[in-house]
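First listed ligand is number 1; within each ligand, the first listed atom is number 1. Being a predicted model, the structure only gives us computed values, none of them experimental.
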Amino acid sequence: MPEEPIGVIGAGWVGLATATGFADLGHHVTVRDVTPERVAALSAGVVPIHEPGLAQLLEQNRDRLRFTLELDDVLESARIIFVCVGTPATYSGEADLSAVWGVIDELAGCERELVIVMKSTVPVGTGERVRRRLDERGLAHVGYVSNPEFLAEGTALANFRNPDRVVVGSFAATDGDRVAALYAPLAAPILRTDVASAEMIKLASNAALVTRISFINEIANVCELVGADIEDVARGIGLDRRLGPHFLRAGIGYGGSCFPKDASALKQLAANSGYHFQLLASVIEVNELQKRRVVQKLRDHLGSLHGKTVALLGLTFKPHTDDMREAPSLVLGSRLLAEGAVVRAWDPVARDVQRHFPDGVELAETPLEAVHGADAALIVTEWPELTELVRSEVRDAMRTPLIVDGRNMLDPTAVRAAGFTYEAIGRPSAMVTELNESRNESRLPF
Ligand code: NAD
Ligand code: UGA
């Protein structure tokens with residue numbers, strides 16, 4: 001396809017994946033952010049986030065990428081502009097659209113013909129509101145397209161190159177055509193819809209994914225009580241072609257910059273429209289409770305956690321990202337501190353850890369340093385480095401050789417063979433087996 005100059009507003013995960021992805025397809029891309037340090041770093045070839053492969057792809061396409069603080073630089077060069085600014089949650093659980101409106105309001109007086117493409121995740125109805133505001137400000141010549149983003153952190157570039165689908169929702173078919181054409185080289189299915197449906201596809205997709213996670217976590221919790229193994233159970237469920245194997249990993253629940261806020265935003269959107277979204281409300285509640293169950297597992301083994309040292313292993317909300325937004329480690333770390341535990345944290349890429357834990361955690365350089373003399377190792381994020389824990393040297397370094405695996409990443413047989421006490425999520429545990437046996441003995445015959 002012919003080269004089309006592209007603009008990108010916002011240089012976070014979505015903006016950078018979009019910008020480098022389109023640059024790699026041969027387009028010139030101008031990226032605007034409002035954070036001077038971010039723009040300076042990117043202009044110097046330094047990527048400010050941890051996303052595998054991004055630095056290399058940026059380097060390979062440097063001659064087609066330009067970073068700027070000025071919106072005018074984007075407007076001068078591009079006719080298609082992707083909006084990739086953040087839409088975090090407000091206190092009321094809705095999406096904070098101030099950055100989106102900031103961008104739209106900056107277009108005032110723009111006489112050029114252009115298409116604004118919304119990649120940020122926004123509530124259903126946002127496109128309609130933006131369209132109205134543009135029209136009221138004499139910007140009827142500015143087109144609007146909803147093109148929600150489905151990438152996951154850690155695999156952002158692969159997701160750009162090989163998406164399951166591209167959704168293009170438009171008011172005017174010609175605007176949608178121009179955006180769809182950009183994706184044609186990717187050979188992905190392109191779904192054309194109206195704007196509201198495109199917006200809903202994004203929110204509903206994330207809602208479906210979190211529902212699966214809370215579902216499998218509840219099945220795991222029941223497995224613990226009845227002596228089944230969630231790993232086998234999930235495998236068995238996933239082999240049903242109607243259900244599939246994805247998003248059935250039981251653990252301490254979902255976190256991240258999107259799932260928590262998008263689930264909450266959809267719940268609020270429904271409530272504001274007069275509908276109580278009961279299923280989603282339960283999914284969110286299950287996730288909140290799930291994070292805390294591992295604290296009880298620690299108590300079951302150690303009694304009071306006051307004065308006990310717990311190694312908090314992995315701080316980011318998932319491996320292969322440095323994103324700490326809504327990471328379960330934040331809840332777990334502060335719970336443990338509140339229980340009087342000494343928390344020694346390790347993560348290979350998380351930054352500004354002390355800022356995230358104002359009450360203070362000790363920081364370790366390596367997993368081994370974190371568990372040295374500890375009463376328990378709590379795996380919060382399944383960084384591959386943590387498989388190295390399963391060694392007798394590590395067992396001997398701990399005060400109590402207890403591993404609580406919040407992500408079911410270790411092999412229980414190997415861990416126990418190495419001399420550890422091992423607790424996971426939804427997998428048979430020595431303690432639960434004992435408990436069930438005593439319950440069965442005391443159960444009255446009916
Ligand atoms: P982010 O917070 O990492 O990045 C947003 C960037 O926008 C920041 O660098 C910020 O400085 C910049 N910004 C804010 N106002 C601006 C303005 N007026 N002009 C230019 N830049 C501005 O956000 P993200 O994680 O990339 O997410 C962006 C959007 O995409 C959100 O709506 C999110 O829900 C959605 N999304 C994110 C992901 C993901 O995995 N991170 C995946 C799919 C969708
Ligand atoms: C998620 C979606 O996967 C993307 O499709 C979506 O575009 C993105 O949110 C978004 O809207 O921002 P991401 O948050 O980067 O992407 O990461 P995921 O791999 O989905 O993991 C999210 C959380 O769910 C993590 O805390 C992870 O540990 C947890 N998770 C995931 C589980 O607990 N179990 C699973 O089976 C899968």
Taking the basic N atoms (NZ, or NE/NH1/NH2) and the acidic carboxylate oxygens, is any pair closer than 4.0 Å for D105 and R137? yes
Among T87, N206, T68, the residue with a heavy atom nearest to atom 31 (C) of ligand 1 is T87
Check your understanding: Got a salt bridge between E3 and R64, using NZ or NE/NH1/NH2 to carboxylate O under 4.0 Å?
Key -> no
For atom 24 (P) of ligand 1, the closest protein heavy atom turns out to be W13 N, 4.0 Å
Contact set, ligand 2, heavy-atom distance under 4.0 Å, ordered by chain/number, equals E149, F150, L151, A152, E153, K202, N206, I213, F247, L248, R249, G253, Y254, G255, C258, F259, D262, F317, K318, R407
Counting from 1 in the order shown, the ligand 1 atoms closer than 4.0 Å to a non-hydrogen atom of C84 are 5 (C), 28 (C)
Salt bridge check: are E382 and K318 linked by an N-O gap of less than 4.0 Å?
no
Could you check whether R131 pairs with E128 (Lys NZ or Arg NE/NH1/NH2 to Asp/Glu carboxylate O, under 4.0 Å)?
no
Note to self: Can you tell me if C258 contacts ligand 1 (heavy atom of the residue under 4.0 Å from the ligand)?
What the structure shows: yes
With heavy atoms and a 4.0 Å threshold, my read on which part of E37 contacts ligand 1 is neither
If you scan protein heavy atoms around atom 42 (C) of ligand 1, the nearest is L151 O, 3.3 Å
**Study point:** Atom CD of E365 with >12 non-hydrogen neighbours under 6.0 angstrom
**Key:** no
So the atoms of ligand 1 within less than 4.0 Å of a heavy atom of R38 turn out to be 9 (O)
Near G10 (heavy-atom distance under 4.0 Å), the atoms of ligand 1 are 6 (C), 7 (O), 12 (C), 20 (C), 21 (N)
Note: ligand 1 atoms sitting under 4.0 Å from heavy atoms of T35 are 11 (O)
Taking only Lys NZ, Arg NE, NH1 and NH2, and the carboxylate oxygens of Asp or Glu, determine whether R293 and E224 approach each other closer than 4.0 Å. yes
With heavy atoms and a 4.0 Å threshold, my read on which part of V122 contacts ligand 1 is neither
ask   = Would you call K261 and D96 a salt bridge, taking side-chain N to carboxylate O under 4.0 Å as the test?
value = no
Using a 3.5 Å cut-off and no angle test, enumerate the donor-acceptor pairs between side-chain atoms of residues 237-251 and protein atoms at least two apart in sequence or in another chain.
{"residue": "D240", "atom": "OD1", "partner": "R242", "partner atom": "N", "Å": "2.8"}
{"residue": "D240", "atom": "OD1", "partner": "R242", "partner atom": "NE", "Å": "3.1"}
{"residue": "D240", "atom": "OD2", "partner": "R242", "partner atom": "NH2", "Å": "2.9"}

among protein heavy atoms, the one nearest atom 2 (O) of ligand 1 is R325 NH1, 3.1 Å
closest protein heavy atom to atom 12 (C) of ligand 1 is D33 OD2, 3.2 Å
### Message
I'd like to know if D73 pairs up with R32 as an ion pair, taking the criterion as any Lys NZ or Arg NE/NH1/NH2 lying under 4.0 Å from an Asp or Glu carboxylate oxygen.
### Response
no
E288 atom CD: more than 12 heavy-atom contacts under 6.0 Å: yes
If you scan protein heavy atoms around atom 29 (C) of ligand 1, the nearest is V85 O, 3.3 Å
Atom 5 (C) of ligand 1 sits nearest the protein heavy atom G86 N, 3.6 Å
For K261, the ligand 1 atoms with a heavy-atom partner under 4.0 Å come out as 33 (C), 34 (O)
heavy-atom search around atom 35 (C) of ligand 1 in the protein gives T121 OG1, 3.4 Å
A quick test of your reading: do over 12 heavy atoms of other residues, nucleotides or ligands sit less than 6.0 Å from CZ of F150? yes
| said: Surrounding CD of Q296 (heavy atoms of other residues, nucleotides or ligands, distance under 6.0 Å), is the total greater than 12? | reply: yes
Parallel, tilted or perpendicular, as decided by the 30° and 60° cut-offs, for the rings of Y254 and F259:
perpendicular
Mind checking whether R32 has an N or O less than 3.5 Å away from an N or O of ligand 1? yes
shortest atom 4 (O) of ligand 1-to-protein heavy-atom contact is with G12 CA, 3.2 Å
Item to complete: Taking the side chain as every heavy atom from C-beta outward, state whether P163 and L186 have any pair of such atoms under 4.5 Å apart.
Response: yes
In ligand 1, the atoms that come under 4.0 Å of a heavy atom of E149 are 43 (C), 44 (C)
Residue K202 excluded, over 12 heavy atoms near NZ under 6.0 Å:
yes
Practice prompt. Answer yes or no: does atom CD of Q354 have more than 12 heavy-atom neighbours from other residues, nucleotides or ligands under 6.0 Å?
Written response: yes
Under 4.0 Å from one or more heavy atoms of V103, ligand 1 contributes atoms 18 (N)
Exercise for review: Flag K202 as yes when one of its N or O atoms lies below 3.5 Å from any N or O atom of ligand 1, and as no otherwise.
Suggested key: no
Taking only non-hydrogen atoms of S257 and a 4.0 Å limit, the atoms of ligand 1 in range are 41 (N)
Worksheet item: Would you call the rings of Y144 and F171 parallel, tilted or perpendicular if under 30° counts as parallel and over 60° as perpendicular?
Response: tilted
| query | Any N or O of D262 that comes nearer than 3.5 Å to an N or O of ligand 1? | reply | no
